[in-house]
Amino acid sequence: TKIGWIALGRTLSNRNCSLDVLDLSQNNIDDEVLNVLANSLATNLTLKDLSLGYGGESTTTDGWQHLFNLLQNSNSALEKLDLSGSNINDEGATAMANVLATNTKLKELHLSRIETISTNGWRSFFTLLRNPNSALEFLRFDDINIDDHVVASMVEALAEMSSLKF
């Protein structure tokens, strides 16, 4: 419920909160919940691993943007983010890639089984992600809708990202 999400947000923003892993997979996460989470995590210095997979069916691009804005916040401690099975679309993929290109903390990102990003969206994602200064070390994206052009964009981007470990 809304009250529960707000309570979670208060807990996460409490300076005494020492939680470092939070798995909210398979929950009904919408724009309002992502806004509460992003605002709370902007001041949380301990949460390093957040999973929101398979639960954002009612989330719009605006909601995902709240989360992606968090990744631009220098106070964010997030190092691992799982968005597998989410409903991020082409616009959201572009917004995420723009943020990830300059993010200095997020090291691991899971984007498996996202069916709402088209081949054009994935191509844009990998083109924008081409930044040798990105902190990403691990990127998982299996079971996605891609073609040969996307694979070419992906290979070019991965070759330029010196932080990725193979």
Criterion side chain to side chain contact (heavy atoms under 4.5 Å, CB included) on Val99 and Leu106, from CA distance to verdict: CA-CA 10 Å; Val99 168; Leu106 193 70; over 6 Å; no
Side chain to side chain contact (heavy atoms under 4.5 Å, CB included) for Ile114 and Ile117? Distances and angles first, verdict last. CA-CA 6 Å; Ile114 297 180; Ile117 300 177; 3.7 Å; yes
Could you walk me through whether Asn44 and Asn14 pass the side chain to side chain contact (heavy atoms under 4.5 Å, CB included) test, one step at a time? CA-CA 7 Å; Asn44 181 295; Asn14 184 319; over 6 Å; no
What verdict does the side chain to side chain contact (heavy atoms under 4.5 Å, CB included) test give for Leu41 and Leu22, after you've listed the backbone C-alpha separation in whole Å, the side-chain angles of each residue and the deciding distance to 0.1 Å? CA-CA 11 Å; Leu41 294 175; Leu22 180 60; 5.8 Å; no
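To the nearest 0.5 angstrom, Trp122 atom CH2 is 4.0 Å from Ile144 atom CD1. Summarising the geometry, atom CD1 belonging to Ile146 is positioned 10.5 Å from atom CG belonging to Asp143; distances are rounded to the nearest 0.5 Å. Atom CD in Gln65 sits 9.0 Å away from atom CG in Asn98 (nearest 0.5 Å). The line from CG of Leu70 to CG of Leu34 is 10.0 Å long, rounded to the nearest 0.5 Å.
A donor-acceptor contact shorter than 3.5 Å is absent between the side chain of Ser76 and the backbone of Gln72. A donor-acceptor pair under 3.5 Å is formed between the side chain of Asn27 and the backbone N or O of Leu24. At distances below 3.5 Å, at least one donor-acceptor pair connects side-chain atoms of Asn103 with backbone N or O atoms of Leu71. No donor-acceptor pair closer than 3.5 Å links the side chain of Ser124 to the backbone N or O of Asn120. Counting only distance, with no hydrogens or angles, the side chain of Asn39 and the backbone of Asn35 share a donor-acceptor pair below 3.5 Å. Side-chain atoms of Lys105 come within 3.5 Å of backbone N or O of Ser74 as a donor-acceptor pair. Side chain of Thr46 to main chain of Cys17: a donor-acceptor pair is present (N/O by atom type, distance under 3.5 Å, no hydrogens or angles).
No path of Ile, Leu, Val, Met, Phe, Trp and Tyr side chains, each step under 4.5 Å between heavy atoms, connects Leu47 with Ile6, placing them in separate hydrophobic clusters. Tracing side-chain contacts under 4.5 Å through hydrophobic residues (I, L, V, M, F, W, Y), one reaches Leu8 starting from Val33; they form part of the same cluster. No single ILVMFWY cluster, assembled from side-chain heavy atoms under 4.5 Å apart, contains both Leu109 and Val21. Both Ile29 and Phe68 are assigned to one and the same hydrophobic cluster, defined by single-linkage of ILVMFWY side chains at heavy-atom distances under 4.5 Å.
Classification of Asp20 and Lys48 as a salt-bridged pair fails, no side-chain N sitting under 4.0 Å from a carboxylate O.
Summarising the geometry of Ala77 relative to Leu45, their closest heavy-atom pair is CB-O, 3.5 Å, with the distance given to 0.1 Å. Of all heavy-atom pairs between Ser51 and Ser25, the closest is OG-OG, 2.7 Å.
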All N/O donor-acceptor pairs, side-chain side in residues 78-90, below 3.5 Å, sequence neighbours left out:
residue	atom	partner	partner atom	Å
Asp82	OD1	Ser84	N	2.8
Asp82	OD1	Ser84	OG	2.8
Ser84	OG	Ser112	N	3.3
Ser86	OG	Leu83	O	2.9
Asn87	OD1	Trp64	NE1	2.9
Asn87	ND2	Gly56	O	3.1
Asn87	ND2	Glu57	O	3.1
Asn87	ND2	Thr59	O	2.7
Asn89	OD1	Thr61	OG1	3.1
Asn89	OD1	Glu91	N	3.2
Asn89	OD1	Gly92	N	2.9
Asn89	ND2	Thr61	OG1	3.1
Asp90	OD1	Ser118	N	2.7
Asp90	OD1	Ser118	OG	3.1
Asp90	OD2	Ser118	OG	2.6

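Annotation: side chain of Leu100 is in contact with side chain of Phe125 (closest heavy-atom distance under 4.5 Å). Put simply, the side chain of Leu111 reaches to within 4.5 Å of the side chain of Leu139, judged on heavy atoms.
Centroid-to-centroid, the aromatic rings of His110 and Phe138 come within less than 6.0 Å.
Side-chain contact of Thr43 with Ser13: a donor-acceptor pair under 3.5 Å is absent, judged by distance alone.
In this structure, Asp142 places its CG atom where more than 12 heavy-atom neighbours from other residues, nucleotides or ligands lie under 6.0 Å away.
Not counting sequence neighbours, Tyr54 has no partner by the ring-ring contact (aromatic ring centres under 6.0 Å, His included) test.
Here salt bridge (charged side-chain N to carboxylate O under 4.0 Å, His left out) pairs that include residues 21-35, with residues two or more places apart or in two chains, are Lys2-Glu32.
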